[in-house]
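Data block below; observations after.
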2 protein chains.
Amino acid sequence: MSAADTKLTILDAAERLFADHGFAATSLRNIISEAGVNLAAVHYHFGSKDALIKAVLDRRIIPLNLERLRLLDLADAGGADAVDFLEQIIEALIGPPLRLSRENKTAGEHFMKLIGRTFAEADENLKKMFFAMFDEVVRRFFPAFEKACPHLPSSTLFWRCHFMVGGMAHTMCDKEAVEMYAKGVCDTNDVDGIIRELVEFSAAGLRATANLTTAKTKVKVRK
Amino acid sequence: MSAADTKLTILDAAERLFADHGFAATSLRNIISEAGVNLAAVHYHFGSKDALIKAVLDRRIIPLNLERLRLLDLADAGGADAVDFLEQIIEALIGPPLRLSRENKTAGEHFMKLIGRTFAEADENLKKMFFAMFDEVVRRFFPAFEKACPHLPSSTLFWRCHFMVGGMAHTMCDKEAVEMYAKGVCDTNDVDGIIRELVEFSAAGLRATANLTTAKTKVKVRK
DNA sequence: GTCTATATGGGGATAGAC
DNA sequence: GTCTATCCCCATATAGAC
């Protein structure tokens, strides 16, 4: 096996195991046994477990974010006044990560779970690293959402984008859980369908007027 | 220190550390050092690390779910045809966990992070245990949502509820991340405000008609 | 570049004195 | 009920032969 192969094999095994069991719960020994390589090879190629984690994430996130920005540029080029501009930028943000699962198993489903998991499992260290990876995406997308939602105060816009990302993350990390609850009701493998569902749901949520100061949504639940 | 105190102290320390670092990354030794008790005490009172995890979750989730069902009954009693019935049941589902953070630090914020994290960090074991805790809640709430959203096919209803829960989970687990991105734009401590934002966003998303078969939301992104 | 062997420390769990 | 002491395993990481 060539050196490049060894490195790739380690990355693939690590991606799968991290996705299934989490970073802390996955040992380098689990990884090398899955990959069929030697323990020392991991340290030779990556230096440390933390560096391996970063390499696993970088391999997917960097092209992923490039694709997001490409789609955002495409939407911008189409004109921010298009009736479905909002749908287009939502799709540009949530489509690429969800669509990853359509590719082969290694590149897709495992990583999808992994990135969903990473949202939650962050050590302070990992968290900083992870969110830094999305800095530019946030910086580029937020103004687009402001353009698409001029009716919203920025705090409301922020929360709604946050909820949308939560829906995306939750969908990415627990396909099995969905299947547990939704036996037969919906198809968790129809990624394009899921994306359309999330786009539609989020667009409707983002288009709604902000009524927080009225009494209407203040549900009286405390007796 | 009495036996009951020891047990409580362990639960509190475990809750905080699990919330901050995750289940796998937190050792019993971390916990006893935080709690100021002996390692053997953990095994005496709980039996194993897994049983301790379950005890930590049970302590909050059981009353939490009771409160959810109480609020659901209250909404049902008010009549399913009330204009804000949908808002009421959304609030009944997402309000109690988010509201926990208003209580004291131990009972609240730590657990909020913890339960958000648990959504993602599940071992297969833990995941089964965790989702079993919400079985009854799902069984009772889903028909209420069906009543409130007769316009939606059940697969679309299911996905939208799923996205809503994702927004809730994401909000619960990464207050720091929100603050990183939203410097000053919104107040992450205003839990009632967050709840109202999420209720409003989700209600709008759930009320929207399902257009998936039309071309409108099929954003053409692939050249 | 890849291996074996090992250093060094931390993990969960338990036996048995008090 | 609580402690000390310890078992035994697994973790990350590295040294050094090939």
Side-chain angles (χ1 to χ4, degrees), chain A residues 1-59 114 117-118 121-126 129, chain B residues 1-59 114 117-118 121-127 129-130:
Chain A
M1 188 154 62
S2 80
D5 279 348
T6 300
K7 213 171 162 173
L8 257 184
T9 309
I10 293 171
L11 276 177
D12 288 341
E15 180 172 81
R16 196 187 77 70
L17 290 171
F18 286 150
D20 281 347
H21 307 293
F23 298 110
T26 302
S27 69
L28 294 183
R29 282 178 164 81
N30 296 146
I31 294 168
I32 60 162
S33 125
E34 167 103 2
V37 303
N38 189 274
L39 174 60
V42 176
H43 287 96
Y44 176 80
H45 284 288
F46 298 96
S48 71
K49 184 181 180 179
D50 274 354
L52 174 60
I53 291 174
K54 178 153 172 48
V56 166
L57 294 175
D58 272 345
R59 176 168 65 145
L114 177 63
R117 174 193 291 283
T118 312
E121 198 190 341
D123 311 69
E124 295 316 302
N125 242 355
L126 181 57
M129 188 188 85
Chain B
M1 188 156 60
S2 81
D5 279 348
T6 300
K7 214 171 160 174
L8 258 183
T9 310
I10 293 171
L11 277 176
D12 288 342
E15 181 171 81
R16 195 186 78 70
L17 290 171
F18 285 149
D20 280 347
H21 308 292
F23 298 111
T26 302
S27 69
L28 294 184
R29 285 177 163 84
N30 295 148
I31 293 169
I32 61 162
S33 124
E34 167 103 2
V37 304
N38 190 275
L39 174 60
V42 176
H43 287 96
Y44 175 81
H45 284 287
F46 298 97
S48 71
K49 184 181 180 178
D50 275 354
L52 173 61
I53 292 174
K54 178 155 171 46
V56 166
L57 293 175
D58 272 344
R59 175 167 68 144
L114 178 62
R117 174 193 290 283
T118 313
E121 197 191 341
D123 312 71
E124 294 317 301
N125 243 356
L126 180 58
K127 191 178 274 187
M129 189 188 84
F130 185 70

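Convention: sequence-line order gives letters A, B, ...; per-chain numbering from 1.
Counting to the nearest Å, the P atom of C:dA5 and the CD1 atom of A:I32 are 14 Å from each other. Going from atom CZ of B:F46 over to atom P of D:dG1 covers 13 Å, rounded to whole Å. Nucleotide C:dG11 holds its C1' atom 16 Å from the NE2 atom of B:H21, rounded to whole Å. Atom pair B:L28:CG and D:dC7:P shows a separation of 20 Å (rounding to whole Å applied). When rounded to the nearest whole Å, the span between CG of A:D5 and C1' of C:dG1 equals 13 Å. The CD1-P distance, from B:I31 to C:dG10, rounds to 17 Å in whole Å. Counting to the nearest Å, the C1' atom of C:dG10 and the CG atom of B:N30 are 10 Å from each other. Going from atom CZ of B:R29 over to atom P of D:dC9 covers 16 Å, rounded to whole Å.
With sequence neighbours left out, A:D58 forms a salt bridge (charged side-chain N to carboxylate O under 4.0 Å, His left out) with A:K54. Scored by the side chain to side chain donor-acceptor pair (under 3.5 Å) test, A:N30 finds A:S27 as partners (sequence neighbours excluded).
Contact between the side-chain N/O atoms of B:S27 and the OP1/OP2 oxygens of C:dG10 is not found at any separation under 4.0 Å. For C:dT2, the OP1/OP2 oxygens have a side-chain nitrogen or oxygen of A:T6 closer than 4.0 Å.
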Review item, side-chain donor-acceptor pairs of residues 31-43 of chain B, under 3.5 Å, at least two apart:
from: B:E34; atom 1: OE1; to: B:R16; atom 2: NH2; distance (Å): 2.9
from: B:E34; atom 1: OE2; to: B:R16; atom 2: NE; distance (Å): 2.7
from: B:E34; atom 1: OE2; to: B:R16; atom 2: NH2; distance (Å): 3.3
from: B:N38; atom 1: OD1; to: B:A40; atom 2: N; distance (Å): 2.8

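Residues A:D20 and A:T26 form no side-chain contact, since every pair of their non-hydrogen atoms from C-beta on lies 4.5 Å or further apart. Between A:L114 and A:F23, some side-chain heavy-atom pair lies under the 4.5 Å cut-off. Contact of the A:I53 side chain with the A:D50 side chain is registered, since non-hydrogen atoms from C-beta on lie closer than 4.5 Å.
In the region residues 38-45 of chain A, proximity to DNA chain C at under 4.0 angstrom, judged on heavy atoms, holds for A:N38, A:A40, A:Y44, A:H45.
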